[in-house]
Structure formats: structure tokens, C-alpha cells
2 protein chains.
Amino acid sequence: MQARFAQIKAALTEQIETSVLKPGDKVASENELAEQFGVSRMTARRALTELVDEGILIRTQGLGTFVSDHRPMSSMLTIRSINDEIKQRGHSYTNKVIQQCSVNADETQAVWLGVEVGTSIYHTQVTHFENGLAVQLESRYVNPAFAPHYLAQDFTNTTANQYLSQVAPLTQADHIVEAVMATEFESQALSVEANQPCLKVSRRTFSAKGIVSYAILLHPGNRYRMGGHLDF
Amino acid sequence: MQARFAQIKAALTEQIETSVLKPGDKVASENELAEQFGVSRMTARRALTELVDEGILIRTQGLGTFVSDHRPMSSMLTIRSINDEIKQRGHSYTNKVIQQCSVNADETQAVWLGVEVGTSIYHTQVTHFENGLAVQLESRYVNPAFAPHYLAQDFTNTTANQYLSQVAPLTQADHIVEAVMATEFESQALSVEANQPCLKVSRRTFSAKGIVSYAILLHPGNRYRMGGHLDF
DNA sequence: CAGTGGTCTAGACCACTGG
DNA sequence: CAGTGGTCTAGACCACTGG
């Protein structure tokens, strides 16, 4: 059973996803929501507060609560699952699993995963779509020692990231960010024209006992940006 | 007058900063805090909830609330001056100042710098070379209010970054990273062939009183990568 | 079992915004 | 002024953890 404040959040995010509520629109006031959902104002307020914290709504005292205008952007300082990120922007998330198999590690993969060359490792390749547009081609290699049931998962409903963080909690990550030209295969998988610049993030994720996975995340340059904020 | 929940937050963070409470320590329960501070449990709870959201505390139902051993990190984008970065790699650093002038802010520049359209702002454009190869084209706009003598500097010997951090100490920064195609002018300034993917970092730097500068840093995809490491 | 956090209520007073 | 969000109370019942 879902909590009532969570139901209200879900109702609101659904309205935002389906564009019933658009950026800039005013959402019902706390009192109105409380009445509509038959809850106390504190409960309605909690739903709004969490959505404000998530950046989906913006509140102004005396004025009301409004749908925030979200530019697609992800933070470099946190590792969020791509589907959460997209949903948080109020957009629809879909994906397409291209490959899900085990392979024998070649030299590059072995080095990155910290295993012997020839070790059987898991490989998945998934395209992630935001509002129907491909925004990420994820090519991931996983050390079976940390996630023996990885290949049995259904990655249309969950992401590799989400699954792995459950079975092997993240303790560290490192990454390299660069700009590259998409190969022909990549252009096709992302439905972009050839010779398009792409943002490539190569990331290793660690759990307490070692390197869990190594992922190459490729994003069309014109559809994806990474953002960040630093305080000193 | 500070809100009561904020006072409780301040009291707890102060105890953590002064190591009265260390990572892993259990903090007072919601009921205990409510009694100590003479507030309702909901108010004590709010203080804890916000600290949990900020990553400072960790809560487990039935167990209690604990100080997180989350250490603030920002290794990914410590803002280092490009010449320091290059010298640290043991390579030679040179540059070429392309432009150094004042311009009237157009709409984009005005928005990014937080000034009125048409305000006179400073503009510099510099190409940075590592071992003779262009690795960054820096196009920077500066708010004269924070650095009135910016244009009089000799940027062959110091970088804009270094100079600005002296006259207006950095307190914050934000940035957007994306992959783009170099324009013809940019290709020439970076001595790369046309249609090369480039890593574009758009960064605003803040001092205590406002936005000091806005820079567009363009790097040839095949000569520059950004790296980072995260601990959880 | 006693203690913890998780959710929720039905009130209250306040500060702020627009008209 | 009426309406909004911001804070707070003093209760309640629940699910969960350890002993």
C-alpha cells in the first residue's frame, strides 16, 4: 500500500508527464489538494514539498505552486539512473535492449574490470529514450562475481544501474568525459545522422569489494547535456 | 528569527562540525530531540529529515538516526587553471590571446552574467596550447563590477581564471558539459579539421556578491578528456 | 517487549502576494 | 482583503529493529 502523500505525488507527476500540467502552470493549492484527495493539509503539503525538492515544482509564498521548466541536464556529481532522471524531468522514459549476453573479456575490458583476459563477463547494450528520442546508448560490462543473476534481469523495466546498486551497493565511481564522433553502429542505435558529435562518458562503478561494472554511455550532443554545481 | 527546526539543524550540524558527533554516531531520537528543544516531534523530525536529505544523517526505521560518513567531494571539477593543469602533467604551456576588449552585452550574455542587455562587459578569447597543440579555446565574459582592471592584464603570463580568483574569490560555480561540432572559426583557432567533435564546457563563476564571469571552454575531442572520481 | 522511525490528522498562527 | 505558502502543535496508529 502506497502512502497517501506518494499517491498525490504520483498523480501530479502523471499530469506533468502527460502535459495536462505544463511548465509554468499553477498547480492546485495545498488546501485544494487536501480537499481533493481527502487528506490533511500537512499531507498534501508533503507531496508538494518533495516535488519541489526534486526540482519538479517551484513554490512562492503568497503566489502558489507552479510546474518548473526543466532543461534536460544531469549532474556530474551524482550517479542517477537514467530513467529516474528522465521521469524527474516529467518526460516519458522508454528503452530498447539491443544485447544481453556473456562474452569473454578482451584486453581492454579485462583491464577496466580488473579481471583476467578471457574471463566470462556479462554484457548489455541498451538504448534509452526520452519522449521517444534516443538520449543514451549504454554499453555495459559486468563482473559476474558481484552480480551472478545479472543476465536474468528484465532491463525493460529496470536499469542496469538500479539493479546493480541493489545487489552491490555503490561505494565509488570514476569516469572520463569526452567528445567523440559516433560510429555507424552508434549513429543507428541513437537514430542520429552520421558524423554527429556525441558526449561519451566512460564510467567504472565500485562496490566495497571491487569493480562491479564498466559502462560506456554515449549521448547525442544535441540532445543531452551534463550540468553541475560546485560550492567552495 | 530563525525557525525552530532550523535551530535544531544548526545545533546538530555544529556538533558534527566540531566532532562532538562523529560519523557513525547515533544522534538523539525524534522524541528525545523534541523534549530537549521543547518542540513537537514533527518539528524535531523535520530537522532530521532535512539533514538526511542533505546526506548528513542516515535513518533506519527501528534503529535510529546516525551521522553519515559522507565526505564532501568535488574532485571531478576542482576548478584548476589550465596552465597549472598542463604544467602538472610535465608538459609545456603556451597561449595566444585572440581578443581582449569590451563589448555591449547581447541577450545571451546578459542572461548568463546577470546584467542588463547593452551593459558594457569585458571579453577575452584565448587559445591554450599543451606541447604546442591547442587544447582549449577559452571565450570569457566578465562583469566589470567585479574586476574593473581585467582588460589591463597581460594574459600571456597569467590566465583569466588565476587573475579573477585573486580579485574576486570564487564561492560557487556551475557548468554545462556537452558535445558539439566546432564552427569554422573555432576549428581554425584550435587548428583542427572542420567537423571535429568538441567538448564544450560552459561555466559561470560566482563570488560572494554575484556572477563574476561566464566562460565557454571548447576542447578538441581527440585532445582533451575530463576525468573524475566519486566516493560515496 | 520497548524504542525507533514512517505516516497522518485537524487544528493554529504567521508572512507574504495580489487586487 | 482573501488566498497562498511557512511553521508548528499534540496527539494517533503503524512497521520495523533489537533484545
Side-chain angles (χ1 to χ4, degrees), chain A residues 1-16 20-70 84 90 165-167 169, chain B residues 1-16 20-70:
Chain A
M1 180 52 187
Q2 215 183 8
R4 306 233 227 172
F5 77 87
Q7 291 171 25
I8 301 176
K9 277 180 73 175
L12 289 173
T13 46
E14 206 233 320
Q15 287 187 295
I16 292 169
V20 175
L21 284 171
K22 297 182 191 65
D25 283 357
K26 192 170 192 290
V27 311
S29 75
E30 298 177 353
N31 284 314
E32 285 168 355
L33 280 176
E35 199 179 347
Q36 279 175 35
F37 287 87
V39 298
S40 73
R41 187 186 146 213
M42 283 294 274
T43 300
R45 178 174 173 75
R46 174 164 180 184
L48 293 179
T49 299
E50 296 201 358
L51 290 172
V52 167
D53 287 346
E54 290 166 23
I56 293 169
L57 299 179
I58 293 176
R59 262 196 298 213
T60 314
Q61 188 176 95
L63 263 181
T65 305
F66 304 85
V67 178
S68 130
D69 188 2
H70 253 82
D84 287 341
S165 63
Q166 277 176 17
V167 299
Chain B
M1 182 54 187
Q2 217 184 6
R4 305 233 229 174
F5 77 87
Q7 290 172 24
I8 301 175
K9 278 180 72 176
L12 289 173
T13 46
E14 207 233 318
Q15 287 188 296
I16 292 168
V20 175
L21 284 171
K22 298 182 191 64
D25 283 357
K26 192 171 191 289
V27 312
S29 75
E30 299 178 351
N31 284 315
E32 286 167 354
L33 280 177
E35 199 178 348
Q36 279 174 36
F37 287 88
V39 298
S40 74
R41 187 186 147 214
M42 283 294 274
T43 299
R45 179 174 172 73
R46 175 163 178 187
L48 293 179
T49 300
E50 296 202 358
L51 290 171
V52 167
D53 288 346
E54 290 166 24
I56 293 169
L57 299 179
I58 293 176
R59 260 196 299 214
T60 314
Q61 188 175 91
L63 261 181
T65 305
F66 304 85
V67 179
S68 142
D69 57 3
H70 183 271

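Hydrogens, waters and symmetry mates are skipped; everything else that's a heavy atom, side chains included, is used.
- Between D/dG5 and A/T65, a contact under 4.0 Å exists linking OP1 or OP2 to a side-chain N or O.
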Note to self: Counting Watson-Crick and G-U wobble pairs with both distances under 3.5 Å, what is the dot-bracket string for DNA chain D, 5' to 3', using [ ] for crossing pairs and | for pairs to another strand?
What the structure shows: |.||||||||||||||.|.
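- One interatomic measurement links the two molecules: CZ of B/F5 to P of D/dG6, which rounds to 10 Å at whole-angstrom precision.
- Going from atom CG of A/L63 over to atom P of D/dG6 covers 11 Å, rounded to whole Å.
- Between the CG atom of A/L63 and the CD1 atom of A/I58 there is a distance of 12.0 Å, given to the nearest 0.5 Å.
- Comparing C/dC8, D/dT4, C/dG6 against the side chain of A/R4 picks out C/dC8 as the nearest.
- For A/A3, the side-chain atoms get nearest to C/dT7 when compared with the rest of C/dT7, D/dT4, C/dG5.
- Within a 6.0 Å sphere centred on CD of A/Q36, heavy atoms belonging to other residues, nucleotides or ligands number more than 12.
- Less than 4.0 Å separates DNA chain C from at least one heavy atom of each of the following residues of residues 34-50 of chain B: B/R41, B/M42, B/R45.
- Taking NZ of B/K26 as the reference point, atom CG of B/L57 lies at 12.0 Å (rounded to 0.5 Å).
- The environment of CD in A/E35 is sparse: at most 12 heavy-atom neighbours from other residues, nucleotides or ligands sit within 6.0 Å.
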Check: Could you go step by step and tell me if B/R59 and B/T49 meet the side chain to side chain contact (heavy atoms under 4.5 Å, CB included) rule?
Finding: CA-CA 9 Å; B/R59 260 196 299 214; B/T49 300; 2.9 Å; yes
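- Partners of A/E50 under the side chain to side chain donor-acceptor pair (under 3.5 Å) rule, at least two apart in sequence or in another chain, are A/K9, A/R46.
- Summarising the geometry, the separation between NZ on A/K26 and C1' on D/dT4 is reported as 7 Å, rounded to the nearest angstrom.
- As a whole-Å value, the separation of A/N31 CG from C/dC13 C1' is 14 Å.
- Using a 4.0 Å cut-off, no side-chain N or O of A/S29 falls inside it from OP1 or OP2 of D/dG3.
- Atom pair A/I58:CD1 and D/dT4:C1' shows a separation of 16 Å (rounding to whole Å applied).
- Among the candidates A/L33, A/V67, A/T65, A/I56, the single residue satisfying the side-chain contact (heavy atoms from CB on, under 4.5 Å) test with A/L12 is A/L33.
- Between A/V27 and A/L48 the shortest side-chain heavy-atom distance falls below 4.5 Å.
- Listed nucleotides: D/dC8, C/dC16, D/dT4. Nearest to the side chain of A/E32: D/dT4.
- Following rounding to the nearest Å, A/K9 (NZ) and C/dC8 (C1') show an atom-to-atom distance of 16 Å.
- One can place CD of A/E30 at 17 Å from P of C/dC16, the figure rounded to the nearest angstrom.
- Atom CD of B/Q2 is separated from atom P of D/dG6 by 17 Å (rounded to the nearest Å).
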Next item on the list: Run the numbers on A/L51 and A/I16 for side chain to side chain contact (heavy atoms under 4.5 Å, CB included), then give the verdict.
Entry: CA-CA 11 Å; A/L51 290 172; A/I16 292 169; 5.8 Å; no
